[in-house]
Number of protein chains: 4
Amino acid sequence: MPTGETHNRRTGGRTRSQDAHHAVLTAAIELVEEIGYQAVTIERIAARADVAKSTIYRWWKSKAVLVMDAYRTAVEQRMPEPDTGSLAGDLTAFATALYGVSEHSLRMRTLRGLMAEAQLDPAFADHFREWVESRRAVVLALLDRGVRRGELPPTADLEAATDQFFGLFWYRLLVGHQPLDPSQAPAHVDQLLHGLGTGHGR
Amino acid sequence: MPTGETHNRRTGGRTRSQDAHHAVLTAAIELVEEIGYQAVTIERIAARADVAKSTIYRWWKSKAVLVMDAYRTAVEQRMPEPDTGSLAGDLTAFATALYGVSEHSLRMRTLRGLMAEAQLDPAFADHFREWVESRRAVVLALLDRGVRRGELPPTADLEAATDQFFGLFWYRLLVGHQPLDPSQAPAHVDQLLHGLGTGHGR
Amino acid sequence: MPTGETHNRRTGGRTRSQDAHHAVLTAAIELVEEIGYQAVTIERIAARADVAKSTIYRWWKSKAVLVMDAYRTAVEQRMPEPDTGSLAGDLTAFATALYGVSEHSLRMRTLRGLMAEAQLDPAFADHFREWVESRRAVVLALLDRGVRRGELPPTADLEAATDQFFGLFWYRLLVGHQPLDPSQAPAHVDQLLHGLGTGHGR
Amino acid sequence: MPTGETHNRRTGGRTRSQDAHHAVLTAAIELVEEIGYQAVTIERIAARADVAKSTIYRWWKSKAVLVMDAYRTAVEQRMPEPDTGSLAGDLTAFATALYGVSEHSLRMRTLRGLMAEAQLDPAFADHFREWVESRRAVVLALLDRGVRRGELPPTADLEAATDQFFGLFWYRLLVGHQPLDPSQAPAHVDQLLHGLGTGHGR
DNA sequence: AGGTAACCGAGACGGTACGTCTAGTCTTCTA
DNA sequence: TAGAAGACTAGACGTACCGTCTCGGTTACCT
């Protein structure tokens, strides 16, 4: 359960209310959807969830970790870990799913808010970075498999490639100067792989 | 004068105090340096600059606009518009300068804070986006010149390439999972250009 | 103006809102009357007065000094400084007025609440003590005049007599085991003066 | 057993833990001594006594009741019921003992705190009043014996005299404008008795 | 000897107020 | 009439206790 870290339970004590817990996550998601991340406050979440503020503070350290928890619990798409047989296929599948967030304003708002918070709250930055790393790891693994298959030269800088991959996504998401559409995924992947010296083209 | 749009001055009256104006910008920069963007508030800037809050509000719409103004006035490096004769040389020069911010904590803090604010304040987002576009335009022009020179095929997606270029930079800056060092610039540019199908070899 | 100590005014600045000020005092009094001292909170006063909490905190350090201010401004009877020609007459007049609070539940509630607060909040205790001293001074002056007139021996312990006088009043007010009625004033004064060795009786 | 009213015991069940009970009373006294009555909370007592909050609430209705219980159990001096042969002697003995609390900060703090609580909590006020009455009864009995012995006229208002006696004490204790010292007891008693028309001279 | 009732600890829960903070706006005086 | 000073409304912050409520576990009396 990736959610509001369960405390060390030694012995007795009232058990954590699943109702309250769930109501908080739901309220958080709804509010982000309705009024946007920055307008969401712990107080509003508490009011909406019909829960005491102190109950929220007991389990979540800040609005950011709460919203992130809610996002992962209730919204986040299971990121595929594709296995199409080819590196290009795998990456394209992943990118297509990734770019799909642009079609869900809730997801966009949440991601943008969380990234913003990570800049402003160093404590949350650590938490956020861990999550980002977990998603980078998926792409890194795909690329690594490509190397092992001989689709990429062993000298390719996979870290940089991963950051190019996610960087494009986040940059467009955060700046909003260009649309981001799943249909663009194949072209972007193609460009990326050429950069890495893949044998499949040119 | 790139600073707090000057009002229409019709008639007499006390003229805008250049002292106050300058003190505000200086105070803003100093505070970002000392306590970080998120801890800076209009009130603190006013106190530090020994200026009335209302004077700040008269000339700047928000902390973000003010800090960005101060940043551009006092800190921002003149981004080079290099002309080395080759696309790779031009981009490498640009990237090297860009990655240089990582050596100045003030610049990093400011950029991260402004990007965060752009996520939270839609009004500022527009302002911020304009600034981002102006920097994208420089890179786009370099790439375009590369196409005209025949260094890139005319079919290359320059928009996507630009976003890959800046995306990698911002992604590392914002997430902080990887260092960003000017010495990495040539390799990143190389990888990018291969992706675009440059003729300069692999 | 015995009320929310006026700050040092050097130069410009918005002047204190008399509306807000008055509304706060009125709300405080009404709430003490309606729900009792202990149930009154700064937050409720702010809500009732339709004033921001911070405005209250700007002018009053605690609920206790605010209520005391309101009490003195709006409720406190002008304590007579009687001059009937005789000590017994003076004291009886004073006591009669004093005991009159027992007929006004608002005054009783307020006095009891303030005395309680003085026990719990050392900062307020000083403030409260000053007020108490000012009322003791009136009685002390009456007694002193009695000494000068020859109604009391110069050896009489006027301090102790004053404390006996007020002590009886407060003790009954605070403990509530006995009613306290203005009609009892003459007898109590009589008993007190006998104790001091007055020549007028026995 | 003057302590946390024993419940109706119908049938079996675990008996009340004397350890827990004693630890609570001790913790309460210690905390009043160390941090003052107002800073004492049920939670702090529970933590100090290493006892569950609910255990405290099971046996005592409020902090005030608990502290008063602890005070009477562990601290309160057995008030003398003196019998010296003369009214003046009896009262002086009693007053001397009474004024002795001023030399023990714990007792002063406790009494002041309890009196404060009686003003704020009507339920506790009743409880407190009973205790006050029990102490008044002692003095009333002394005075009554004085009447029967002929030391006081039968017309003397003993109730008022008792309240003057305790009133002086409490007034000084609560307001703190004057020290209260056992050495003052004889003079105060003397003054009181003159007021009542005692025959023992002036 | 077993049942069972009341105890005890731990600690989560809904509440409520606290006093602080910052945002923006508004008012007044001064230069 | 710009600017400094600072009072104002508004509302979230995170903390502290309150008194209540499960829990799991422990006695000790009473069949």
Side-chain angles (χ1 to χ4, degrees), chain A residues 7-17 19-21 39-46 49-59 61-63, chain B residues 7 9-17 19-21 39-44 46 49-59 61-63, chain C residues 7-17 19-21 39-44 46 50-59 61-63, chain D residues 7-17 19-21 39-44 46-47 49-59 61-63:
Chain A
H7 293 177
N8 289 353
R9 173 68 45 80
R10 288 156 205 279
T11 165
R14 182 170 175 175
T15 53
R16 181 172 183 178
S17 159
D19 284 4
H21 184 213
V40 172
T41 64
I42 298 244
E43 228 151 55
R44 272 199 248 250
I45 296 172
D50 206 29
V51 141
K53 257 202 311 181
S54 51
T55 297
I56 296 183
Y57 281 108
R58 187 166 10 250
W59 297 106
K61 287 202 168 163
S62 64
K63 168 177 110 173
Chain B
H7 290 177
R9 176 75 42 75
R10 285 158 204 274
T11 161
R14 184 168 172 180
T15 56
R16 179 174 181 181
S17 160
D19 284 2
H21 185 220
V40 173
T41 63
I42 298 256
E43 284 201 334
R44 271 201 249 253
D50 208 30
V51 140
K53 266 203 304 182
S54 53
T55 299
I56 296 183
Y57 280 109
R58 193 177 347 261
W59 298 106
K61 287 201 169 166
S62 66
K63 167 177 111 173
Chain C
H7 292 178
N8 289 352
R9 171 69 42 81
R10 288 156 206 278
T11 164
R14 183 172 176 174
T15 51
R16 181 172 184 178
S17 159
D19 284 3
H21 184 214
V40 173
T41 64
I42 298 246
E43 230 154 52
R44 273 200 248 251
D50 206 30
V51 141
K53 261 201 310 181
S54 53
T55 297
I56 296 182
Y57 281 108
R58 188 172 1 258
W59 298 108
K61 287 203 169 163
S62 65
K63 168 177 109 173
Chain D
H7 293 177
N8 290 350
R9 174 72 41 80
R10 287 159 204 274
T11 164
R14 182 173 177 175
T15 54
R16 179 173 185 179
S17 160
D19 284 2
H21 185 219
V40 173
T41 64
I42 298 254
E43 280 198 340
R44 270 201 249 252
D50 208 30
V51 140
K53 267 202 305 181
S54 53
T55 299
I56 296 183
Y57 281 109
R58 195 179 349 261
W59 298 107
K61 288 201 168 166
S62 65
K63 166 178 114 175

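A note on names: the letters A, B, ... follow the listed sequences, proteins ahead of strands, and every chain is numbered from 1.
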Taking [atom1] from [X] and [atom2] from [N], how many angstroms apart are they, rounded to a whole number?
X: His21(D); N: dT27(F); atom1: NE2; atom2: P; result: 19 Å
X: Ile56(B); N: dA4(F); atom1: CD1; atom2: P; result: 9 Å
X: Tyr57(D); N: dG9(E); atom1: OH; atom2: P; result: 15 Å
X: Lys61(D); N: dC18(F); atom1: NZ; atom2: P; result: 17 Å
X: Arg14(C); N: dG6(F); atom1: CZ; atom2: P; result: 14 Å
X: Glu43(D); N: dA10(E); atom1: CD; atom2: P; result: 14 Å
X: Asp19(D); N: dT27(F); atom1: CG; atom2: C1'; result: 13 Å
X: Ile42(C); N: dG19(E); atom1: CD1; atom2: P; result: 6 Å

Check step by step if side-chain contact (heavy atoms from CB on, under 4.5 Å) holds for Thr55(B) and Arg58(B).
CA-CA 5 Å; Thr55(B) 299; Arg58(B) 193 177 347 261; 4.2 Å; yes

[N], OP1 or OP2 - any side-chain N/O from [X] closer than 4.0 Å?
X: Thr55(A); N: dG14(E); answer: yes
X: Trp59(B); N: dA2(F); answer: no
X: Arg58(B); N: dA2(F); answer: no

Examine the base of dG11(F) for any acceptor or donor lying under 3.5 Å from a partner atom in the side chain of Lys53(C), and report the outcome as yes or no.
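No, the side chain and the base share no sub-3.5 Å donor-acceptor pair.
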
Answer with yes or no whether Ser54(B) presents, from its side chain, a donor or acceptor under 3.5 Å of a partner atom in the base of dG24(E).
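Looking at the base of dG24(E), it does not pair with any donor or acceptor on the side chain of Ser54(B) (distance under 3.5 Å).
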
Would you mind classifying the nucleic acid contact of Thr41(D) as base, sugar-phosphate or nothing, using non-hydrogen atoms under 4.0 angstrom?
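Sugar-phosphate only.
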
Closest approach of Ala20(A) and Val51(A), non-hydrogen atoms and distance?
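Smallest heavy-atom distance, with atoms named: CB-CG2, 3.9 Å.
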
Identify the two heavy atoms, one from Ala46(C) and one from Ala52(C), that lie closest to each other, and give their separation to 0.1 Å.
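Result for this residue pair: CB-C, 4.4 Å.
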
Given dC26(E), dC17(F), dA12(E), which nucleotide is nearest the side-chain atoms of Arg44(D)?
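Among dC26(E), dC17(F), dA12(E), the one nearest the side chain of Arg44(D) is dC17(F).
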
Mapping Asp50(D) and Ala39(C) to their closest nucleotides on DNA chain E, which lands nearer the 5' end?
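Result: Asp50(D).
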
Residue closer to the 5' end of DNA chain E, Ser62(C) versus Ser62(B) (nearest nucleotide)
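Looking at the nearest nucleotide for each, Ser62(C) comes out on the 5' side.
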
Measuring from Ile42(C):CD1 to Lys53(C):NZ, what's the distance to the nearest 0.5 Å?
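Taking CD1 in Ile42(C) and NZ in Lys53(C), the distance rounds to 9.0 Å.
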
